Amino acid sequence: MKRYIMILACILFASGVAVAGELTVEMSLTTPTGSGAAVGTIAVKDTPYGALFTPDLTGLTPGQHGFHVHQNPDCGPGEKDGAMVPGLAAGGHYDPAGTGRHEGPYGEGHLGDLPPLYVDDSGQATQPVLAPRLKTADLQGRSLMIHAGGDNYADRPAKLGGGGPRMACGVVR
């Protein structure tokens with residue numbers, strides 16, 4: 001009987017570990033008044049090579065977009081220079097080591113720097129990206145942000161890679 005209970009406990013523990021390494025984030029457009037229309041989901045799962053982000057998004061502008069983990073679990077607007085800015089409540093890029101550097105997913109800067117998100121000509125994003133320095137546990141209590149423009153992973157010529165306005169956001173739950 002003890003052996004049966006021990007085997008059952010091991011199976012339950014192993015299944016709990018597998019579930020802990022996967023999550024799905026619901027994404028919505030950002031607006032000056034709060035969350036806008038839903039645009040889909042991003043599934044994230046741990047792999048031996050880092051966290052794999054698999055988008056299933058529609059209704060976005062075609063091209064490459066800056067994609068990051070942001071500090072706060074809030075996609076609401078915030079006030080800056082007297083104007084409401086969409087998604088500002090998410091805070092800055094996730095940077096637990098306090099590097100203050102924007103160096104991309106393979107650099108030693110912000111841990112929240114992700115590979116760019118590609119949106120096809122029909123407005124869909126389905127191409128997975130790998131973040132080699134992240135695990136799903138790092139995402140808890142954070143948000144995922146898609147910026148309107150691309151990202152060059154440098155602070156020149158534009159700060160924070162030049163991704164521009166925050167276009168879509170999802171809180172990691």
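Not measured: the values here are computed from a predicted model.
Closest of all the heavy-atom pairs between P105 and P132 is O-CG, 3.7 Å. When every heavy atom of H65 is checked against every heavy atom of I146, the shortest pair comes out as CB-CG2, 3.7 Å. Counting all heavy atoms, side chain and backbone alike, V44 lies closest to A51 at CG1-CB, 4.1 Å. Across all their heavy atoms, P62 and D120 have their closest contact at CB-O, 3.5 Å.
Rounded to the nearest 0.5 angstrom, E108 CD and R133 CZ are separated by 6.0 Å. Expressed to the nearest 0.5 Å, how far CZ of F53 lies from NZ of K45 amounts to 13.5 Å. Interatomic distance, CG of D113 versus OH of Y94, reported as 12.5 Å (0.5 Å rounding). How far OG1 of T54 is from CD1 of I42: 9.5 Å, rounded to the nearest 0.5 Å. Distance check: L144 CG to L139 CG gives 6.0 Å after rounding to the nearest 0.5 Å. Considering OG of S143 and CZ of R173, their distance stands at 10.5 Å, rounded to 0.5 Å.
With 3.5 Å as the limit, one finds no donor-acceptor pair spanning the side chains of D56 and T41.
Using a 4.5 Å cut-off on side-chain heavy atoms (C-beta onward), L29 and L60 make contact. In this structure the side chain of E79 never reaches within 4.5 angstrom of the side chain of V85, judged on heavy atoms. Looking only at side-chain heavy atoms (C-beta outward), V69 and L111 stay at 4.5 Å or farther from each other. Side chains of P77 and L88 form no contact here, defined as non-hydrogen atoms less than 4.5 Å apart. A heavy-atom distance below 4.5 Å is not found between the side chains of E103 and H110. By the 4.5 Å heavy-atom criterion applied to side chains, L117 and P55 are counted as neighbours. Between L114 and L134 there is a side-chain heavy-atom pair separated by less than 4.5 Å. Taking the side chain as every heavy atom from C-beta outward, L57 and Q124 never approach each other to under 4.5 Å.
Note on ring orientation: taking the six-membered ring where Trp is involved, the planes of H70 and H147 are tilted (angle from 30° to 60°).
For E26, the CD atom counts as loosely surrounded, since its 6.0 Å shell holds 12 or fewer non-hydrogen atoms of other residues, nucleotides or ligands.
Centroid-to-centroid, the aromatic rings of H93 and H102 come within less than 6.0 Å.
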Inset, instruction - Given side-chain contact (heavy atoms from CB on, under 4.5 Å), test V172 with Q140 step by step and report yes or no. - result: CA-CA 6 Å; V172 180; Q140 295 300 318; 4.1 Å; yes
